[in-house]
Amino acid sequence: MSHEGIRIVDAEQARREDSEHKSLPTGAVTPNKVRVKKTEGTGVEIDWKDGHHSSWTFAWLRNACPCATCHEEREKTGRPVGLAKPKEQTLLVMYEAPVRPIDVTSVGKYALKFKWSDGHESGIYSWDYLRRVCQCEACRPERASTS
Ligand SMILES: [Zn+2]
Ligand SMILES: [Zn+2]
């Protein structure tokens, strides 16, 4: 029997806390080199101190926005982190250029902040968050098996 049942948290929050408490080694969440390919419009690449390499497209990052509003919206609709909303995807493909950052700034030493071409700018992408959503072959199967 676990005493944790006393804590009143909903399943979503519990799951979030659980993944946040599994802390990663410092080398895994410390970037050696960050390349934001704003001019090329391709995405972000990070070389981590532990030798790992991650990269994301801007569209993926926009859809993985960690702000409370986007997080709630994803939870409500069951949309996986990084995937576009189905209806929006159709519209985007047909009428709009892919979303891209107008401005990218660093937040202290721990995060990146994007100002997106669609006007959204409330997400703070911490190194920790980015490492957790690494899209490389090695990281993806690990996450898929937990869901
Ligand atoms: Zn957001
Ligand atoms: Zn990875």
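This is a predicted model, so every value here is computed, not measured. If you read the sequence from its start, that first residue is 1, and numbering goes on from there. Whatever order the structure lists them in is the order used to number ligands and atoms, beginning at 1.
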task: Any chance you could measure Lys33, atom NZ, to Ile46, atom CD1, to the nearest 0.5 Å?
output: 13.0 Å
- prompt: Of the backbone and side-chain N, O or S atoms of His53, does one lie nearer to the Zn ion (ligand 2) than 2.8 Å?
  reply: no
task: State plainly whether the residues Arg100 and Asp118 are in salt-bridge range, i.e. N to O under 4.0 Å.
output: no
- request: Give a rough value, rounded to 10 degrees, for the angle at the Zn ion (ligand 2) between atoms SG of Cys134 and SG of Cys136.
  value: 110°
query: What angle sits at the Zn ion (ligand 1) between SG of Cys67 and NE2 of His120, to 10°?
result: 110°
- prompt: Can you name the N/O/S atom of His52 that is nearest the Zn ion (ligand 2)?
  reply: NE2
field: Metal check, the Zn ion (ligand 1) vs Cys70 N/O/S, cut-off below 2.8 Å
entry: yes
Under 3.5 Å donor-acceptor, Arg140 side chain and Gln135 backbone: yes
query: Relative to the ring of Trp116, is the ring of Phe114 parallel (under 30°), tilted (30 to 60°) or perpendicular (over 60°)?
result: parallel
message: Is it true that Trp48 and Ser54 share a donor-acceptor pair across their side chains at a distance under 3.5 Å?
response: yes
